[in-house]
Amino acid sequence: MRVLFDQATPVPIRQFLKGHTVSTAAHEGWDRLQNGELLNAAEAAAFDVLVTTDKNMRYQQNLAGRKIAIIVLGKQQWPELRSHVQLIVAAINSAKPGIYVEVRIPDDK
C-alpha cells in the first residue's frame with residue numbers, strides 16, 4: 001500500500017510499516033495544502049492511506065465517496081505512540097478504500 005503521512009504524523013512510525021511505501025506531505029510538496037486539497041492530491045497520486053492526527057477531518061470534509069482510507073491517530077507525540085505502534089500498524093494493514101478509522105491510544109500509566 002502507498003501510505004501518506006500528514007504534517008503532524010510522527011515519521012518514526014514509518015520503520016514499522018514493512019511492505020508499504022511511505023511518503024510525507026512535505027516530501028510530496030503538499031505541506032501547504034489544506035485537508036480537502038490534500039485528500040484530492042493524495043487520491044490523484046494513487047495513495048491508498050492517509051495517516052493524520054487531525055481529529056476534526058471527519059467534521060470538516062465530506063468523506064463520502066473517497067477512495068483513500070483515512071487513519072486518525074489519537075495522539076501525535078512519538079513518545080506517547082511508541083509503545084502502541086502495533087495498533088497503528090494494524091489499522092493501516094487492514095485499511096480498505098474509503099474507510100475512516102480513529103486509532104485510540106491508551107494513556108500510559
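In this chain, residues are counted from 1 in sequence order.
- Considering every non-hydrogen atom in both Val72 and Asp54, the closest pair reads CG1-O, 3.8 Å.
- In terms of the side chain to side chain donor-acceptor pair (under 3.5 Å) criterion, residue partners of His20 (sequence neighbours excluded) are, by chain and number, Asn93.
- Residues Leu4 and Ala42 share a closest heavy-atom pair of CD2-CB, 3.7 Å.
- Applying the side-chain contact (heavy atoms from CB on, under 4.5 Å) criterion to Ala90, with sequence neighbours excluded, gives no partner residue.
- Annotation: side chain of Leu81 is in contact with side chain of Ile105 (closest heavy-atom distance under 4.5 Å).
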Next item on the list: Take Tyr100 and Leu50, measure what side chain to side chain contact (heavy atoms under 4.5 Å, CB included) needs, and give me the verdict at the end.
Entry: CA-CA 10 Å; Tyr100 176 94; Leu50 171 67; over 6 Å; no
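- Formation of a donor-acceptor pair under 3.5 Å by the Glu43 side chain with backbone atoms of Ile68 is found in this model.
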Full working for side chain to side chain contact (heavy atoms under 4.5 Å, CB included) between Val11 and Thr9: CA-CA 6 Å; Val11 176; Thr9 303; over 6 Å; no
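- No donor-acceptor pair under 3.5 Å is formed between the side chain of Lys67 and the backbone N or O of Asp48.
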Output, in order, the C-alpha distance, side-chain angles, deciding distance and verdict of side chain to side chain contact (heavy atoms under 4.5 Å, CB included) for Thr53 and Asp6.
-> CA-CA 8 Å; Thr53 59; Asp6 198 359; over 6 Å; no
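- In this structure, Pro106 and His84 approach most closely via the heavy-atom pair O-NE2, 3.5 Å.
- Other residues, nucleotides and ligands place more than 12 heavy atoms under 6.0 Å from the CD atom of Gln15.
- Ring geometry, Phe47 versus Trp30: the interplanar angle exceeds 60°, so the pair is classed perpendicular (tilted spans 30 to 60°).
- A donor-acceptor contact shorter than 3.5 Å is absent between the side chain of Glu80 and the backbone of Lys75.
- Using a 4.5 Å heavy-atom threshold, the side chains of Val101 and Ser94 count as separate.
- Using a 4.5 Å heavy-atom threshold, the side chains of Leu17 and Phe5 count as touching.
- For Lys55 (side chain) and Thr52 (main-chain N/O), no donor-acceptor pair under 3.5 Å exists by modelled atom type.
- The nearest pair of heavy atoms linking Ile71 to Ala91 is CD1-O, 3.8 Å.
- What you find for Gln7 and Ala26 is that their closest heavy atoms are OE1-N, 3.6 Å.
- Once rounded to the nearest 0.5 Å, the distance linking CD1 of Ile92 with CD1 of Ile13 reads 7.0 Å.
- For the pair Arg2 (side chain) and Ala45 (backbone), a donor-acceptor distance under 3.5 Å is present.
- Scanning all heavy atoms of the two residues, the minimum distance from Ser23 to Glu28 falls at OG-OE2, 2.7 Å.
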Side chain to side chain contact (heavy atoms under 4.5 Å, CB included) evaluation trace for Asp31 with Leu33: CA-CA 6 Å; Asp31 47 327; Leu33 297 181; over 6 Å; no
